[in-house]
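The structure appears below as structure tokens.
Lettering of chains follows the sequences in order, A, B, ..., and the numbering in each one begins at 1.
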Number of protein chains: 2
Amino acid sequence: MAAPKTKVTITDVAKAAGVSSSAVSYALNGKPGVSEKTRDKVLKVADTLGWRPNSAAKALSNASSRAIGLALTYSPEALTVDSWTLALLSGMSFELEKNDYSLMLRIIPTGGDMLSIHREWLADGSVDGVVITNVEIGDKRIELYRSARSMPVVAMADPSVTGGLPTLTSDDAGGARLLVDYLHELGHTHIARVAGPERYGHTFSRDRAFIEETSAMDMRYDCLHADYSPEQGADCTARLLAFGDPPTAIVYDSDSMAIASMKVAAERGFAVPEQLSMIAWDDSFLCQTVTPGLTALHRSIVTAGKQVVPMLLRQINGETVGNEYEEPYELVVRDSTAPAPVHAGQ
Amino acid sequence: MAAPKTKVTITDVAKAAGVSSSAVSYALNGKPGVSEKTRDKVLKVADTLGWRPNSAAKALSNASSRAIGLALTYSPEALTVDSWTLALLSGMSFELEKNDYSLMLRIIPTGGDMLSIHREWLADGSVDGVVITNVEIGDKRIELYRSARSMPVVAMADPSVTGGLPTLTSDDAGGARLLVDYLHELGHTHIARVAGPERYGHTFSRDRAFIEETSAMDMRYDCLHADYSPEQGADCTARLLAFGDPPTAIVYDSDSMAIASMKVAAERGFAVPEQLSMIAWDDSFLCQTVTPGLTALHRSIVTAGKQVVPMLLRQINGETVGNEYEEPYELVVRDSTAPAPVHAGQ
DNA sequence: TTGTAGGCGTTATCAG
DNA sequence: CTGATAACGCCTACAA
């Protein structure tokens, strides 16, 4: 077959088929208003001519771009190993492809002007819907979409920070309780956590749940906040272990911080898990491949990505959607956790 | 400020400013043909009205979408930790944002119909340019874009498989030589490699360079091909170590396979690096955080991503671009490599 | 310097 | 069942 010369339009097809352009449009879109015979002819001609709808013209006419937007923040250090982002992209893409939608991805440096991207999307019609992640407390994006009310949105966050926008929530408080209770059962009375950035809503949810649950269990709880980067994770661990009375277990808000910290523990002479238990919040292949295997709080980000898309599509379709919840967290016990060490003299 | 009611168009601005729509267009695009006074007025009105150009209309009118396309393949297992992909996305996004371009990302399952995505892009005008990665030998995409000649493209691959399309190449052969020579100097005479999928052009380049260089150095060289997944990486390692006469050094085509294999080596009783040296092709934070630290062949994928975008933009701009080369590989020696073990009795 | 008119490719309306 | 015709919002000759 010959390469299609240039762009072939619906008018070309109409001309070649000897019908009007509207007949072609009907035929091509499987709509009534055209005879079977004409339809077949048009389809055949369109095929041989290699016609494809022009996306811009379609978008202009329908006021729909068949794309959804995702704007992420880029932290040069932390991103290199961020399995979360990639899993989300995969999950979303899987559902988007099924529905003939594309993903408009924008990644900007941390601290960049993300809000203007959303303003653009809100006004220029280049996306039919938007997913918001890493929602901060008092997040401007929430306010923006809330006041506009014209753009399908799903926020992946705790409902307490999404101001009534459709939300997909992971049970962070439940996860925190799961971890605290597990460590409590192992006899730990002093635990610590290296958390994600304090400004994020999910970090806050976890913070609060940890405090509540440890206090209910009468455990001592220390918490340091980092940016998910291996470096800061390791730093925080070093600080925690330098205490006169260091914790006997540390929970990390990301697998990368946990893994980077294993080396620190080893260097400081803390045997894992005998003297120090370590747990990663969010599981990945790394947790199972590292030695000792890292006990982790598991959830499927891919599944969350798959879940968020239909919520968007339903809105685009004019339906109202409420909040949904991700699969619950699940504790995967490996080799990095053990009963609390018995202090000499106790 | 009040939330902009609905979409505000150029005509609305014209009406509000009391001028014609073309005057508005000129003013907004900074083109001559309008007085300073009018321009200022228009700009002011547009701003207060919250006008933003409609992307579809603009695209239709200019035949330009200000988006570039990237279609990737999704392997549920391998993707979870693929730092390569994310680094590429970051690098590309960084440059794209600077130039006011978006990234159209499509991820499909391995074995899916990627070609039809490209046919779509070629015909529907939804992207102004395309980046092709993981080029296979005899890749249909190359043929497609070569015969169409209408779409700006950059292939990230070896020029030998890109059929004359503009190409960004990493010096895979050079990297291979670097590794072989390094291991040779350490006294290794029998090395192995767990490579990526055989169908990829870059795998082939490495394969050939390894064979040539090891043969020149009079070294024995074994090679197994895997899919970059930790599982297959570990499997291959197990097989290699089960030989009666196992290699004393193994090179992995991805950091994830290398890391997953460290556990296998330990289980089989191979001390790293004393009895077995391990090297990862492509460096990441994981390599330095793991114990022992993994010696790695380093390159900046982020930089490559940054490099590929201008190549595309220049083409979009009508310029002709040739092949370019990524920064050379650099060997980062850590703790997983050592002189070849001396055999008992030698 | 300004405004009018036509085109970009589709979809949708409304006569025939 | 068909085929003009008018949007969609922007750009750009071309006239005034």
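- Residues B:Thr38 and B:Ser35 have side chains that bring a donor and an acceptor to within less than 3.5 angstrom of each other.
- Smallest separation of non-hydrogen atoms from A:Ser126 and A:Ser65: O-OG, 3.0 Å.
- In the set C:dC8, C:dT10, D:dC10, the nucleotide with an atom closest to the side chain of B:Trp51 is D:dC10.
- Here the nucleotide nearest the side chain of B:Thr9, chosen from D:dT2, D:dC10, C:dT10, is D:dC10.
- A sub-4.0 Å separation between OP1 or OP2 of C:dT2 and a side-chain N or O of B:Ser35 is present.
- Phosphate proximity of D:dC11 to B:Ser25: present, with a side-chain N or O under 4.0 Å from OP1 or OP2.
- B:Arg39 comes within 4.0 angstrom of no nucleic acid atom, judged by non-hydrogen atoms across all strands.
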Any N/O pairs under 3.5 Å between the protein and nucleotides 4-7 of chain D? List them or say none.
from	atom 1	to	atom 2	distance (Å)
D:dA4	N6	A:Ser22	OG	3.0

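- For the pair B:Asn62 and D:dC10, the criterion of a side-chain N or O lying under 4.0 Å from OP1 or OP2 is not met.
- For the pair B:Ile10 CD1 and C:dG3 P, the computed distance is 13 Å after rounding to whole Å.
- Contact check, B:Thr38 against C:dT1: no side-chain N or O comes under 4.0 Å of OP1 or OP2.
- Distances shorter than 4.0 Å separate some side-chain N or O of A:Lys31 from OP1 or OP2 on C:dA12.
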